[in-house]
Asker: 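Encoded as structure tokens, here's the structure I'll be asking about.
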Amino acid sequence: MGDKPKVWVSRPLFPDIIARLEPVFDVHAEPETRAFSIDDLVGRLHGMSAAVTGLADRIDDRVLSRAPHLKFVANVSVGYNNFDLDAMRAHGVAASNTPDVLTDTTADYAWALMMAAARRVGAAERWLRAGYWHGTRFDQWMGMDLHGSTLGILGMGRIGQAIARRASGFDMKVIYHNRSRLDAGLEHAVNAHYVDKATLLRQADHLMLVLPLTAESRHAIGAAELAMMKPSATLVNIARGGIVDDSALAAALADGRLAAAGLDVFEGEPAVHPALMALDNVVLSPHIASASGRTRRAMAALAVDNVLAFFGHGPHAGKPPSRVV
Ligand code: DGY
């Protein structure tokens with residue numbers, strides 16, 4: 001028992017999935033979800049060979065330089081902006097994420113937010129629940145159509161492509177901008193047209209953000225970009241907080257310079273900008289785009305398989321399928 005490598009699991013996942021680590025590892029799983037400071041992480045990772053982490057667990061030099069046994073960190077998410085990849089390389093710590101298993105679930109949710117924002121579902125429901133529905137005014141609760149409109153997608157990786165594919169059922173024109181253009185075959189398959197960022201901002205009736213958070217993409221949508229958008233447009237962020245300047249967005253929504261927004265991610269989450277909280281033309285959700293039961297289990301299973309594989313066990317023994325470092 002004593003010579004099994006140790007693994008730390010930073011939050012409650014699914015007990016039956018975590019149990020798959022037990023034949024190989026001495027498992028230290030947190031019983032509750034909480035935010036860990038750097039010192040907490042250093043304490044928790046003491047003596048650990050592996051960790052299963054989430055986006056809130058910052059893994060950088062401050063942690064790695066005090067976790068000499070650590071060899072592998074598996075994030076239970078496709079994004080890994082909580083990892084300092086250079087520091088991980090320098091300390092010889094490998095890492096993985098959970099791509100593919102959440103693509104379609106996340107794309108479905110992007111559509112849910114876009115529809116809810118464009119058709120004012122949240123505000124109308126709050127109004128109804130508050131007891132204001134005494135008769136139906138013909139010109140009330142009018143929103144924006146999706147069918148026949150132009151969907152703009154900023155960031156065209158796997159999730160962006162899955163969002164684009166769904167647009168054909170709504171007869172939407174799809175335009176996109178991405179660091180690199182898709183090859184012609186893929187563009188044809190997802191029926192999306194490449195444009196520069198300015199054209200994307202100007203032409204989109206509904207703009208979907210699906211790009212990773214990096215130093216370059218921070219505030220990719222700020223006051224200047226919002227000013228280029230149609231006042232009738234909706235903006236949906238299912239990517240990362242920090243890609244949008246939330247304060248500039250709240251100002252544009254309040255002033256009628258943008259019709260509506262759907263946000264699943266926020267700068268400084270779980271805190272939400274108070275100006276956004278006060279607005280009725282924004283749909284807010286607590287970072288749940290990948291949260292279907294089936295997909296959350298698949299993400300946990302992939303993270304566990306990645307840990308097992310790195311240590312030579314499980315279905316992908318020796319070669320974690322989603323290694324990022
Ligand atoms: C991801 O996977 O990166 C999501 O944002 C968290 O589920």
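Atoms within each ligand, like the ligands themselves, are counted from 1 in listed order.
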Asker: Once you round to the nearest 0.5 Å, how far does CG of Asp245 lie from CG of Leu226?
Answerer: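 It is 8.0 Å, given to the nearest 0.5 Å.
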
Asker: Anything with a heavy atom under 4.0 Å from ligand 1 counts, so go ahead and list those protein residues by chain and number.
Answerer: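 Lining ligand 1 at under 4.0 Å, by heavy atoms, one finds Leu55, Ser77, Val78, Gly79, Leu102, Arg240, His287, Ser290, Arg296, Met299.
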
Asker: CZ/Arg296 to CD1/Ile17 distance, rounded to the nearest 0.5 angstrom?
Answerer: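 Rounded to the nearest 0.5 Å, the CZ-CD1 separation comes to 12.5 Å.
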
Asker: Which residues pass the salt bridge (charged side-chain N to carboxylate O under 4.0 Å, His left out) test with Asp183, not counting sequence neighbours?
Answerer: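 Here no residue qualifies.
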
Asker: Once rounded to the nearest 0.5 Å, what's the spacing between atom CG of Asp86 and atom CG of Asp61?
Answerer: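 Atom-to-atom, Asp86:CG and Asp61:CG are 10.5 Å apart.
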
Asker: If you measure from CG on Asp246 to NE2 on His219, what distance do you get to the nearest 0.5 Å?
Answerer: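 So the gap between those two atoms works out to 7.0 Å.
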
Asker: Identify the two heavy atoms, one from Gly54 and one from Asn82, that lie closest to each other, and give their separation to 0.1 Å.
Answerer: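 Minimum heavy-atom contact is O-ND2, 3.0 Å.
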
